[in-house]
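Just so it is clear: chains get the letters A, B, ... in the order the sequence lines come, proteins before strands, and each one is counted from 1. Predicted, not measured: the structure shown is a model, and the values here were computed from it.
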Amino acid sequence: MADLLSYLNPEQRAAVTLPDEPALILAGAGSGKTRVLTTRIAWLIQTGRINPAQVLAVTFTNKAAREMIARLSALLPLNPRGMWIGTFHGLCNRLLRVHCRAAGLPATFQILDIADQLSALKRLLKGLNLDSEKYPPKQLQNFINHAKEEGLRPSKMDVDNPFNRKFVELYEAYEIQCQREGAVDFAELLLRSYELLAREVSLREHYQARFQHILVDEFQDTNRLQYQWLKLLAGSKGAVFAVGDDDQSIYGFRGANVGNMLDFQREFEVRNLIKLEQNYRSHGHILDAANGLIANNAQRLGKNLYTEAGAGEPVRVYRAETDTREANWLGEEIHALIEQGGALDQIALLYRSNAQSRVFEHMLVSQGIPYRVYGGLRFFERQEIKHALAYLRLLDNLDDDTSFLRVVNFPTRGIGARALEQLNDMARLHQCSLAAAVTYVGGKTGANLIAFVQFIEQMRHATQAMSLPEVVEYITQTSGLIPHYETEREGQDRIENLRELVNAAVAFVAENGDELNTPARSIPLAPGATPAAQLPVNESAQISLTAEATDGMTPLSAFLSHASLEAGDNQAQTGQNAVQLMTVHAAKGLEFNAVFITGLEEGLFPHQNSTNDANSLEEERRLMYVAITRAKKRLYLSFAESRMLHGQTRYNVGSRFIDELPTEGLKWLTSKRDSFAQNSMTRSRDENSWGRNWFAKKSTQEVRVAPSALEARQRTAATGFWIGQAVFHTKFGEGTVAALEGNGAEARAQVNFSRHGAKWLALAVAKLQPIDD
DNA sequence: CGTATAGACTTTTTT
DNA sequence: AGTCTATACG
């Protein structure tokens with residue numbers, strides 16, 4: 001036990017060894033938050049206060065959950081799978097799977113991600129013949145998700161104005177549709193399990209008794225419903241150990257409610273409040289900047305970071321005339337850092353919005369600096385993956401209309417819009433799923449539809465005895481997806497991804513194999529046989545003390561849940577030997593030796609939309625605080641006085657956030673000019689179209705300019721190719737390199753082929769031959 | 001049914 | 001500017 005605590009500072013130790021009562025730990029950036037959380041769990045177990053099965057720990061991301069499990073395994077010789085450690089959604093899914101009947105859900109319920117939800121809503125509107133101009137699906141989606149996050153069902157909602165009433169009606173219709181299809185969206189996972197616990201007294205008491213200790217990570221990011229869920233699960237005696245940092249609350253825009261921290265203190269009568277203020281990450285000047293900035297926020301619980309690492313280097317500030325110059329300066333600075341022996345993956349370029357990455361990418365390519373951009377499409381969000389998953393879902397649950405529609409005609413089977421319209425009518429008429437309605441459609445169309453359902457049935461039978469990876473492999477082939485992509489020009493990448501999906505299944509089975517039943521599926525349900533809505537809701541739930549993450553699920557169901565709940569890693573990892581590019585939001589929780597915070601301009605950061613409202617401005621400031629505290633040794637701030645944005649050159653002044661930093665620790669690399677405080681009103685030029693065009697042309701031309709000898713060498717070192725180079729490909733013939741990205745095994749080049757157009761090629765795979773001329 | 005073109009949109013995003 | 005989406009056309 002002494003070992004466990006010996007690496008902790010007094011505050012951390014105090015937090016870890018708190019009595020069995022509600023506690024709030026205000027953990028500043030870099031103060032050892034995860035260490036405290038994991039050590040607390042280990043300490044509770046090691047001192048015999050609880051056994052592992054009584055632990056419930058909640059995080060927001062799968063990555064955080066994985067990290068917690070990994071660190072716990074290092075501290076304790078036990079299997080952490082028996083513990084309930086996971087994301088809110090993951091744990092709710094687990095709860096609902098175990099108690100699906102009590103929750104009124106079919107065992108094979110499918111999880112809708114935001115894209116699935118949106119298409120379900122579009123389908124709903126279409127079916128009701130409603131104008132999607134008048135009722136924008138996105139708006140409806142927000143409305144529904146908001147309502148659910150407030151714990152509101154349609155019956156409990158205000159219908160004072162006609163517009164609202166329509167939305168409530170649609171919300172209700174959507175619920176009925178989801179229930180019929182056995183579909184559950186993200187917010188529903190939470191609300192459903194909340195209602196389950198609220199309604200089923202014995203179930204609730206069981207879990208309350210079991211989870212004597214509930215630990216919550218990133219508490220400042222919880223929304224109303226998550227807070228209520230915790231409160232319900234904790235009951236009157238539960239010791240909730242909440243760790244968070246109000247200064248790092250940057251997800252208010254998607255429902256996170258910092259107010260939960262105050263509510264928690266009040267409603268749980270928190271007597272144990274501990275602040276972790278010693279920072280183990282950054283040097284002094286960086287922390288001074290962070291502290292000085294965040295002191296400008298009025299709504300804070302109050303906290304001041306300190307370090308014993310010394311003042312370190314000053315914070316460097318750079319003013320550029322244009323965004324291109326800002327980027328070029330970055331390039332020079334990065335080269336200097338590399339020469340000083342800095343690792344590439346320890347350099348981060350941060351920006352407020354994704355659109356800003358373009359200029360940097362352009363520069364990094366032309367300078368031959370390897371880089372990696374985070375954000376964008378993730379693995380399980382790719383269309384080919386979603387198609388494959390849709391087939392898999394149909395094996396599990398033919399009533400899943402979202403999946404049915406997604407693949408009924410992909411690859412094409414002569415089932416067009418008209419056929420689906422008829423099918424839709426029949427389904428509505430008979431109150432059943434699309435798959436169950438195929439027999440009601442007559443003629444050739446009906447025959448096609450029946451053939452599709454039979455095709456799925458056939459695949460279901462064929463895969464009966466297969467292992468999960470075999471099923472996935474079988475489906476990608478037999479469904480026609482891979483053959484289809486083989487004929488498509490750009491299909492090679494997609495086929496690669498489908499193969500990767502098989503690998504993902506292999507990995508999934510390897511990780512969860514012990515808890516999974518084999519074969520991949522149990523007895524299938526006939527289409528439309530048991531409408532979930534008619535299942536008895538009050539059936540007393542079976543309680544399992546050893547419920548695992550995949551308990552009660554077939555490997556296929558578990559894998560599908562996994563795919564929905566974990567879209568694939570998108571956060572930066574070290575060891576990639578490339579400069580890391582990401583938004584400030586994406587950088588939360590990470591740290592780098594050198595950090596560049598770019599685009600620090602009024603209107604960009606803080607963002608235009610946030611400058612008029614005090615609360616949003618404070619959130620922007622917290623965002624800046626998060627950005628600053630990512631840096632360990634060196635921090636750069638930069639801004640550009642003119643910037644291409646949305647096809648227009650915009651002129652900006654430096655961000656007010658620069659003015660809010662203590663001047664002692666700042667080192668201006670340029671003259672200080674045009675700051676927000678000095679003359680925010682005087683600068684407001686407009687650009688005529690002439691200037692714009694000239695500017696735009698110039699910057700596009702730059703890409704194609706032949707590289708200088710020095711630059712060419714750097715590029716060759718990174719990828720072996722340079723932009724503008726003539727190349728030969730055995731299949732596509734002659735072409736010119738138009739762009740390069742990544743490095744090593746991941747390096748890709750965009751080549752304009754004279755006969756086959758532009759293509760992205762992986763350099764490790766495609767055998768490109770340089771042509772000397 | 002697939003392709004072409006016009007039109008909308010552009011802060012941040014996990015589950 | 002650039003990208004994705006809806007719709008019209010062959």
Side-chain angles (χ1 to χ4, degrees), chain A residues 58-65 86-93 111-119 122 132-133 136-138 145 148-149 184-190 217-218 221-223 225-226 249-256 323 350-359 362 374-378 380-381 383 409-419 488 561-571 582-589 599 603-611 616 619-620 622-624 626-627 643-650 692-693 695-697 699-700:
Chain A
V58 211
T59 61
F60 272 86
T61 64
N62 293 299
K63 191 186 172 206
T87 62
F88 276 101
H89 295 84
L91 295 175
C92 286
N93 179 46
I111 302 170
L112 303 182
D113 66 18
I114 13 103
D116 297 332
Q117 186 188 32
L118 191 63
S119 64
K122 283 180 182 165
S132 59
E133 298 264 296
K138 279 241 171 66
N145 290 338
K148 289 189 180 182
E149 277 165 21
V184 170
D185 60 47
F186 284 142
E188 184 74 22
L189 279 174
L190 275 156
D217 190 18
E218 305 278 17
D221 287 340
T222 50
N223 65 31
L225 182 55
Q226 286 159 341
S249 161
I250 56 174
Y251 286 110
F253 70 91
R254 65 167 194 221
D323 49 355
L350 307 185
Y351 34 82
R352 174 67 239 265
S353 62
N354 284 308
Q356 288 166 254
S357 73
R358 188 171 303 279
V359 202
H362 182 163
Y374 294 90
L377 253 199
R378 291 175 309 168
F380 286 108
E381 291 167 357
Q383 69 144 286
N409 200 34
F410 193 96
T412 47
R413 308 187 167 88
I415 298 171
R418 217 176 36 242
E488 219 179 44
S561 286
H562 168 80
S564 301
L565 291 174
E566 185 158 6
D569 249 330
N570 218 12
Q571 243 205 335
M582 67 195 86
T583 63
V584 180
H585 282 91
K588 192 182 172 202
L604 244 196
F605 197 2
H607 194 271
Q608 193 66 57
N609 302 359
S610 305
T611 45
S616 349
E619 180 149 322
E620 291 285 309
R622 292 194 290 269
L623 196 53
M624 179 67 181
V626 167
R643 177 179 297 277
M644 256 304 215
L645 207 64
H646 310 318
Q648 283 199 317
T649 305
R650 294 197 16 184
R692 263 208 298 281
N693 289 338
F695 197 27
K697 262 188 196 137
S699 61
T700 36

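- Distance alone, capped at 3.5 Å, is enough to place a donor-acceptor pair between the A:Asp323 side chain and the A:Met644 backbone.
- A:Glu620 pairs by the side chain to side chain donor-acceptor pair (under 3.5 Å) definition with A:Arg352, A:Ser610, not counting sequence neighbours.
- Rounding to whole angstrom units, CZ of residue A:Phe410 and P of B:dC1 are separated by 13 Å.
- For A:Phe88, the ring pair (Phe, Tyr, Trp, His ring centres under 6.0 Å) criterion is met by A:Phe60, A:Trp229, not counting sequence neighbours.
- Between the CG atom of A:Asp323 and the P atom of C:dG2 there is a distance of 13 Å, given to the nearest Å.
- Residues A:Asp113 and A:Arg378 are not paired through a salt bridge, judged by the lack of any N-O separation under 4.0 Å between the basic side chain and the carboxylate.
- Here A:Thr59 pairs with nothing under the side chain to side chain donor-acceptor pair (under 3.5 Å) rule; sequence neighbours left out.
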Protein and nucleotides 4-7 of chain C: nitrogen or oxygen contacts under 3.5 angstrom:
{"unit_1": "C:dA6", "atom_1": "OP1", "unit_2": "A:Lys122", "atom_2": "NZ", "d": "3.3"}

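- For A:Lys138, the side chain to side chain contact (heavy atoms under 4.5 Å, CB included) partners are A:Leu118, not counting sequence neighbours.
- With sequence neighbours excluded, the residues that form a side chain to side chain contact (heavy atoms under 4.5 Å, CB included) with A:Val184 are A:Leu105, A:Phe109, A:Glu188, A:Leu189.
- The distance between atom CG of A:Asp217 and atom C1' of B:dT14, rounded to the nearest whole Å, is 13 Å.
- In terms of the ring pair (Phe, Tyr, Trp, His ring centres under 6.0 Å) criterion, residue partners of A:His562 (sequence neighbours excluded) are, by chain and number, A:Phe508.
- Under the side chain to side chain donor-acceptor pair (under 3.5 Å) criterion, A:Thr412 pairs with no residue, sequence neighbours left out.
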Check: protein-nucleotides 8-10 of chain C nitrogen or oxygen pairs below 3.5 Å:
none

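- Atom P of nucleotide B:dT15 and atom CZ of A:Phe88 are separated by 13 Å, given to the nearest angstrom.
- Along DNA chain B, the nucleotide nearest to A:Ile415 and the one nearest to A:Phe253 differ in position, and the one closer to the 5' end is contacted by A:Ile415.
- Across all strands, A:Asp113 comes closer than 4.0 Å to no nucleic acid atom at all (heavy-atom distances).
- Rounded to an integer number of Å, the gap from A:Leu118 CG to B:dT13 P is 18 Å.
- If you check B:dT13, C:dG2, B:dT15 against the side chain of A:Tyr251, the one that comes closest is B:dT13.
- Remark: the separation of the P atoms in C:dC4 and B:dT13 is 16 Å, to the nearest Å.
- As rounded to the nearest Å, B:dT12 and C:dT5 have P atoms that lie 16 Å from one another.
- Across all strands, A:Leu189 comes closer than 4.0 Å to no nucleic acid atom at all (heavy-atom distances).
- With hydrogens and angles left out, the side-chain atoms of A:Ser616 and A:Glu619 include no donor and acceptor closer than 3.5 Å.
- Between A:Ile250 and A:Ser564, the one whose closest nucleotide on DNA chain B sits nearer the 5' end is A:Ile250.
- Not a single side chain to side chain contact (heavy atoms under 4.5 Å, CB included) links A:Arg358 to another residue, sequence neighbours left out.
- Residues A:Phe253 and A:His585 place their aromatic rings such that the two centres sit under 6.0 Å apart.
- For A:Asp185, the side chain to side chain donor-acceptor pair (under 3.5 Å) partners are A:Gln117, A:Lys148, A:Tyr174, not counting sequence neighbours.
- The distance between atom CG of A:Leu190 and atom C1' of B:dT14, rounded to the nearest whole Å, is 12 Å.
- When distances run from any side-chain atom of A:Met644 to the nucleotides B:dT15, B:dT13, C:dA1, the shortest one goes to C:dA1.
- Backbone-only contact: A:Asn62 has heavy atoms under 4.0 Å from sugar-phosphate atoms and none from a base.
- For the pair A:Phe60 CZ and B:dT13 P, the computed distance is 16 Å after rounding to whole Å.
- Close to B:dC1, at under 4.0 Å from its OP1 or OP2, lies no side-chain N or O of A:Arg413.
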Polar atom pairs (N or O), protein with nucleotides 8-11 of chain B, under 3.5 Å:
{"unit_1": "B:dT11", "atom_1": "O4'", "unit_2": "A:His607", "atom_2": "NE2", "d": "3.3"}
{"unit_1": "B:dT11", "atom_1": "O2", "unit_2": "A:Arg352", "atom_2": "NH1", "d": "2.5"}
{"unit_1": "B:dT11", "atom_1": "O2", "unit_2": "A:Arg352", "atom_2": "NH2", "d": "2.4"}

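- Between A:Thr412 and B:dG2 there is a side-chain N or O to OP1 or OP2 distance below 4.0 Å.
- Taking atom CD of A:Gln226 as the reference point, atom C1' of B:dT13 lies 13 Å away to the nearest angstrom.
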